[in-house]
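From a predicted model like this one, the values you see are computed outputs, not experimental measurements.
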Amino acid sequence: MARIVILGAGVSGHTAALHLRRLLGRKHDITVVTPNSKWNWIPSNIWVGVGRMTAKQVTFDLPPIYRRKGIRYVQALGRTIRPHGDGDDPTPTVEVESTAPDSLGELSRLPYDYLINATGPKLRFEATEGLGPEGGHSVSVCTDGHAVHAAEALAESIAKMQAGEQQKLVVGMGHGTCTCEGAAFEYTFNVEHELTQAGVRDKAELIYLTNEVELGDFGVDGMVFRQKGYQQSSRMWTESLFTERGVHSILGAHVSKVDPGVIHYETLDGQHHTQDFDFAMLLPPFGGVGLTAYDRDGSDITDTMFAPSGFMKVDADYTPKPYEEWRAEDWPKTYEVPGYPNVFAVGIAFAPPHQISKPHVSANGTPIAPAPPRTGMPSGVMGKAVAITIADRVKGDPQAPAEQASMAKMGAACVASSGTGLLKGSAASMTMFPVVPNYEKYPDSGGRNFSGTRGEIGLHGHWIKLMLHYLFIYKAKALPGWQFIPE
Amino acid sequence: MSEIAKQSPVITHYPDAPVPTRFTRWNRQNPVLQFGKFVMACINIMMMVIKGHEK
Ligand SMILES: Cc1cc2nc3c(=O)[nH]c(=O)nc-3n(C[C@H](O)[C@H](O)[C@H](O)COP(=O)(O)OP(=O)(O)OC[C@H]3O[C@@H](n4cnc5c(N)ncnc54)[C@H](O)[C@@H]3O)c2cc1C
């Protein structure tokens, strides 16, 4: 009997757990360790954040699903990996700290034959003074709880506008190295839509504040589309939308501090500015969740297994090199941790070899550039690929070659909502192939294949986003036929 | 960065960006046309999923 431990039950970890159970049957032991008993469909937090969905509509309880599927559920945080065991016992283990109310803080060790790190991001609000809803002065939509709070703050601001006050609303990135620009973009336009619906659009100045050097970069170096016989770019497309909807923007910005009602930021030219606000939703930068690793003799091997960012090193080429030398081939394919073939890291938890967007530093040397996004679709695909690798090795040859799922060879669909409503909603739906551009293979089309890279704005995008909401929650609940819904 | 960005960090509009005509805006919200686009977009996404990875 093989013991497989999965740290994290988000998009990638939960997908891996369900596929492992499907591929391995009940003979083997699958354990999911996750601190939260609820599963959250994070992309729909945007709608919670404008009061159009409730937290209940974007979450559900995990334990009943795991009971039904025969997956062991441990409500805890993964803390320390001992890949070669400890002292006399060479069994690999992971130490976990309980977050269950009845055993809060208790430590225990789980032995494993295979380990998947799918712990997602640590929301690093502390990277910017005064950032975030817990002790800071801005709101967030990263969790369903944050999004509920954001919706309350937005409603207050709208009420003030309805009473005749002018308001300044800022949405964007709370640090120069943030990722998830797509999410901030979506929230900006959902807020704009709500202001229009509430009849107070003329009372608001809405500003999108971003670390992108130009609009439409989205942390993937932008996209080039072919439409109606012309090449168009995501930059032109996005600038058009901002102009049409009257949304202002601040580009290439690093937020250094958030005071009550005032954002302090630096721009690429090295100048420091302030922006006053009445409502600010600023995303935090992401980092690894702080797992540590020890060898059997007790020596600290955290630096061997993890990058300085806290994300786990996998089969990528991490050699530092200038932007001009970055290659699509640098990106990982199997998500195996070098030297530890039974340990994998998927989704946001793996360390990317480098950014996708061109890196920039301000005149003062401050890095201002989006970190590479690892969105839902690639995260799910990686989770499934690693589940197949492990199942092949458990059922047959322990040296069986790993399933590959490189972000430089897979496509992704991104649907960025720009307002909700069955007939009034809209969204920018984009597909890109591959996610990581390959400038050698596609030199004239922004590193991507034209036939797989498209973009369109309209009501149909909203329907797609809504359909994905219901489909992915259905799939995550492992209801009949879930495996036929693609990642 | 554009000229406007050098003058003030807050960009209020992009003068070179094409702004959709009324017809385009109507198209974007027309349920019948959009249903066709919805079907095409679903096929496009499914094709990408079925084709899987580039070999
Ligand atoms: C506001 C917002 C909107 C987004 N919108 C979209 C979108 O429209 N489309 C899209 O494709 N992507 C979107 N994304 C990105 C998407 O949410 C991520 O790509 C996806 O969630 C990544 O999956 P993951 O499994 O790596 O991490 P997560 O889904 O974050 O899961 C991580 C899991 O690990 C758990 N965990 C944390 N620490 C530990 C620990 N120490 N031990 C054990 N478990 C731990 C967490 O509780 C969680 O269950 C959005 C992200 C945000 C923040």
For residues Ile464(A) and Ile45(B), determine if any side-chain heavy atom of one lies less than 4.5 Å from a side-chain heavy atom of the other.
yes
Could you tell me whether the side chain of Val10(B) reaches within less than 4.5 Å of the side chain of Gln275(A), counting heavy atoms only?
yes
First locate atom OG of Ser451(A), then atom CE of Met47(B), and finally report the distance between them rounded to the nearest 0.5 Å.
9.5 Å
Options Ser249(A), Gly246(A), Gly458(A), Ala412(A), ranked by heavy-atom pairs under 4.5 Å with chain B, top entry:
Ser249(A)
Go through the atoms of Tyr265(A) and report whether side chain, backbone, both or neither lie under 4.5 Å from a heavy atom of chain B.
side chain
Let me see the working for Phe433(A) and Met48(B) under side chain to side chain contact (heavy atoms under 4.5 Å, CB included), right down to the final yes or no.
CA-CA 8 Å; Phe433(A) 196 100; Met48(B) 198 166 69; 3.8 Å; yes
Should the heavy atoms of other residues, nucleotides or ligands under 6.0 Å from NZ of Lys475(A) be counted, would the total exceed 12?
yes
So do Pro486(A) and Met46(B) actually touch side chain to side chain, heavy atoms under 4.5 Å?
yes
List the steps and the verdict of side chain to side chain contact (heavy atoms under 4.5 Å, CB included) for Ile250(A) and Ile11(B).
CA-CA 6 Å; Ile250(A) 298 172; Ile11(B) 304 170; over 6 Å; no
Does any donor atom in the side chain of Ser240(A) or Tyr14(B) lie under 3.5 Å from an acceptor atom in the other side chain?
no
Segment of Met430(A) engaging chain B (4.5 angstrom heavy-atom cut-off)
neither
Relative to chain A, which segment of Asn27(B) carries a heavy atom at a distance below 4.5 Å: side chain, backbone, both, or neither?
neither
Any Gln34(B) side-chain heavy atom under 4.5 Å of Trp463(A) side chain
yes
Under 4.5 Å from any heavy atom of chain B - which part of Ala253(A)
neither
Structural part of Glu456(A) lying under 4.5 Å from a heavy atom of chain B:
side chain
Is it the case that the side chain of Glu239(A) and the backbone of Ala17(B) share a donor-acceptor pair, with hydrogens and angles ignored and the cut-off at 3.5 Å?
no
Side chain proximity check, His248(A) to His13(B), heavy atoms < 4.5 angstrom
no
Can a donor-acceptor pair be found, under 3.5 Å and without considering hydrogens, that links the side chain of Gln29(B) to the backbone of Gly425(A)?
yes
Rounded to the nearest 0.5 Å, how far does CG of Asn44(B) lie from CZ of Arg454(A)?
4.0 Å
Quick check on Met40(B) against chain A: is it the side chain, the backbone, both or neither that has a heavy atom closer than 4.5 Å?
neither
Looking at chain B, which one of Met467(A), His460(A), Glu205(A), His462(A) has the largest number of heavy-atom pairs inside 4.5 Å, strictly under?
His460(A)
Quick one: does Pro18(B)'s side chain get under 4.5 Å of Met236(A)'s, heavy atoms only?
yes
Leu215(A) versus chain B, heavy atoms under 4.5 Å apart: side chain, backbone, both or neither?
side chain
